[in-house]
Amino acid sequence: MQHGPLSRPSSVGSTVLAAATAALACLAGSPSTASGAEPPPATQLYHGAAYYPELWPESDVDRDIVEMKKLGINVVRIGEFAWAKMEPNEGQISFEFFRRVMDKLHAAGIEVVLCTPTAAPPVWLSYGHPERCFVDAQGHVMIHGARQHMSYEDPVVRAACFRIVEAEARALGRHPAVIAWQIDNEFKCHVAEDFNASAVEAWHAWLAKRYGTIDALNAAWGTEVWSQRYQHFDQVPAPLRTPFLHNASLSTAYRMFSRERIAEFMDDQSAIIRHYSQAPITHNMSRGFAINVERMCRNLDFASFDDYPAADQWRNMVLDCDLFRGAKPGRPFWVMETSAIHNGSLVNYSTAHPPGFLVAEAVSCYALGSESFCYWLWRQQRTGAELPHSAIESAWYEPTLGYGEVKHVDEARRELQPLLTASHPAPEQAAITWSDLGRAMMETEPLGGRKTDPVDYESGFADWHRVLLDAGLYRGVRFEGASLDGLKLLVTPLMPYTSPEFLARVERFVRAGGIWICGPVTGARTGEHTVPTDGGLGEAGRLAGVDVVYSYPITGTGGEGEAFGLKAPLGGWCSVLKPVLPDTRQVGTLSGEWAAGLGFLTERKLGAGSIVVMAAQPEGPEGQALLARILTHYADQAGITERAASTRGTIVCPRVMNDGSKLWVVVNMDGRGGEVTLPGGAADALTGTAVPAGALKIGPYRWRALKL
Ligand code: GAL
């Protein structure tokens with residue numbers, strides 16, 4: 001059964017009640033099914049838009065509502081940049097404008113995700129106060145303008161944020177239109193770590209709490225290097241500019257500190273809202289920002305994200321759906337923003353979607369577990385910095401290029417709704433690990449990357465995701481701290497540190513029959529971002545039954561890896577492997593100048609499962625083929641059944657109907673059309689017509705729902 005964060009009985013008036021059930025379950029820290037009383041299934045799919053009524057004459061609201069209804073827009077998100085409208089002068093706070101707008105929306109049956117406005121602090125807060133502003137790693141102080149220009153570490157700014165949030169929650173928190181809250185918007189989208197003086201003060205307090213004594217910090221970071229040894233916490237620099245690089249431990253710690261602090265700021269806002277409102281709380285985020293996604297999601301009631309893929313980047317959207325499906329297990333996520341046709345700012349824009357792409361994108365998001373599909377934005381900006389961004393209505397109020405596409409999305413949504421509200425995404429059998437610490441470490445030290453051959457966590461992660469996707473394996477993402485229950489295959493690339501808790505979970509999973517693929521880079525550093533001295537892969541190596549003979553950057557050395565009859569060039573960081581336990585064997589071999597004959601791929605049988613280690617990243621087209629061979633080999637061995645044979649670019653989103661039967665939503669994503677191979681006994685889920693076994697053609701950007 002699908003547990004909608006916003007699930008509720010169908011009458012609009014019951015919204016808050018059902019949302020409260022979900023919010024309270026979350027507050028108690030219980031997974032959605034743990035109470036024994038299952039939350040009701042989602043009763044609708046949301047189709048929404050970011051709406052900025054404060055930018056237009058108030059009289060336009062009536063027309064907006066009429067036009068929204070024509071397109072099946074049933075939710076709008078408001079308020080994230082409206083602080084100056086809510087509090088034009090310090091302390092002069094009024095929500096009457098928003099109340100009037102929300103009354104009208106509610107009367108029309110359009111629900112509201114209400115945002116806290118802290119994403120765009122007003123000028124009375126910053127004017128004459130550079131000390132309250134955000135400072136970047138070069139020491140540049142932001143001035144007023146754009147957004148995210150102030151430091152949330154500054155006590156005056158923080159207090160002003162909490163005051164407006166409290167006033168908003170008190171004024172509007174029980175408004176019947178509100179089905180959810182969004183805290184701020186896209187924390188750290190334009191900025192990364194903050195070096196404001198208050199941030200540095202908080203850094204020292206954070207270090208003192210984490211290490212207890214300065215000696216413990218010195219030991220953990222190995223500060224004898226370059227005479228870095230500190231005498232007390234206040235001396236520890238924040239990693240601002242220096243002649244050369246900072247200590248790796250310090251750099252990574254500052255990232256993790258900063259990401260923790262922004263999550264705490266978000267949690268503090270949530271705590272205020274929860275005094276006045278029972279609606280569930282989310283934050284619109286993206287995996288690419290300087291945040292800790294897993295930490296951000298911890299205290300949210302549901303996860304939401306934005307993604308703006310141009311048509312040829314459709315795999316990014318699938319990746320995000322897979323990632324955020326894992327963020328709050330058992331709860332649908334939200335696609336909070338995407339563009340109707342293209343995004344754009346004063347200086348750039350993406351390629352406009354071809355006709356049909358938007359429907360394929362929306363259908364795949366809904367089918368992969370999203371409860372919503374929302375656009376940025378309803379009406380083209382007349383002023384500001386995003387004038388060329390696509391919208392649904394133009395600034396002069398004519399339908400835009402995207403209008404017809406949005407209408408088609410609504411038609412598809414209406415067709416899908418009965419099926420998707422009576423089903424949930426299939427349980428995942430294969431998953432990739434997402435590690436926010438791993439990402440931070442790779443930002444400090446892109447292991448195996450260099451300026452001419454960059455390596456970064458997100459694109460490396462996306463490469464692995466792509467191989468699973470293109471191999472027809474239904475996949476999920478498990479955050480580093482998540483349970484591995486239900487999985488048969490776990491793939492963990494690019495995670496330099498494997499914690500004892502993570503390894504303990506992995507070991508249990510493997511002993512019970514799972515297969516763990518410990519990918520390149522994984523295990524090569526300690527949790528303090530130092531080199532392990534107990535073997536090249538530390539504890540992970542011990543568990544996998546391997547020693548690392550040498551480690552070095554293999555890019556450009558002619559090194560190749562061979563396994564299961566395929567060979568490919570290798571790149572990035574290489575940990576040359578040697579099996580050291582009787583139950584560990586080498587199943588793939590290195591060739592090239594330095595490590596010929598040594599281990600590229602090893603496999604240790606452990607309990608009922610196995611641990612596989614890969615020394616380095618296979619690259620190029622041969623690399624993709626080799627990775628696909630390796631992954632399908634172990635998917636077969638793990639007994640993975642959640643997979644489909646479809647041509648590349650056509651994806652299968654498997655779901656389970658409430659009666660236990662299977663539903664496949666098949667979507668052509670690349671606009672070329674494709675095929676999927678069906679087993680016997682399939683029927684079109686919309687018409688009930690039988691569909692013969694074998695190849696079923698799917699037209700460009702078309703979709704089919706099939707009961708198996
Ligand atoms: C998002 C942001 C929106 C808008 C949009 C444009 O990242 O949340 O406010 O700027 O990008 O694509």
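Atoms within a ligand are numbered from 1 in the order they appear, just like the ligands themselves. Not measured: the values here are computed from a predicted model.
Residue contacts with ligand 1 for H190 are absent, since no atom lies close enough (heavy atoms, distance under 4.0 Å). When heavy-atom distances to ligand 1 are checked against a 4.0 Å cut-off, E386 comes that close only through its side chain, counted from C-beta outward.
Every atom of ligand 1 is numbered from 1 in the order shown, and the set under 4.0 Å from a heavy atom of N185 is 2 (C), 8 (O), 9 (O). Each of the following atoms of ligand 1 lies closer than 4.0 Å to a heavy atom of F81: 9 (O). The E186 neighbourhood of ligand 1 comprises atoms 1 (C), 2 (C), 7 (O), 8 (O), with distances under 4.0 Å to a heavy atom of that residue. Close contacts between ligand 1 and N343 involve ligand atoms 12 (O) [criterion: under 4.0 Å to a heavy atom]. Atoms of ligand 1 lying under 4.0 Å from at least one heavy atom of H389, given by number and element, are 6 (C), 12 (O).
The aromatic rings of F373 and Y375 lie perpendicular to each other, with more than 60° between the two planes, well past the 30° mark. By the 30° and 60° cut-offs, the orientation of the rings of F357 relative to Y701 is perpendicular.
Checked by distance only, ligand 1 and E80 stay at 3.5 Å or farther apart across all their nitrogen or oxygen atoms. By the 3.5 Å distance cut-off applied to N or O atoms, Y52 is not counted among the residues near ligand 1. At a 3.5 angstrom cut-off on N or O pairs, R77 does not count as close to ligand 1.
Under a cut-off of 6.0 angstrom, the local environment of CD1 in I93 is crowded, with over 12 non-hydrogen atoms contributed by other residues, nucleotides or ligands.
The closest donor-acceptor contact from the side chain of N316 to the backbone of P309 lies at 3.5 Å or more, if one exists at all. For the pair E80 (side chain) and P117 (backbone), a donor-acceptor distance under 3.5 Å is absent.
The protein heavy-atom contact nearest to atom 1 (C) of ligand 1 is E337 OE1, 2.9 Å. In this structure, the protein non-hydrogen atom closest to atom 9 (O) of ligand 1 is R147 NH1, 2.9 Å. Remark: minimum distance from atom 5 (C) of ligand 1 to any protein heavy atom is reached at Y308 OH, 3.3 Å.
Not a single salt bridge (Lys or Arg N to Asp or Glu O under 4.0 Å) links R132 to another residue, sequence neighbours left out.
Judged by distance alone, the side chains of N284 and S304 never bring a donor and an acceptor atom under 3.5 Å apart.
Y457 has its ring centre less than 6.0 Å from the ring centre of W434.
When all heavy atoms of E480 and S435 are compared, the pair lying nearest together is OE1-OG, 2.7 Å.
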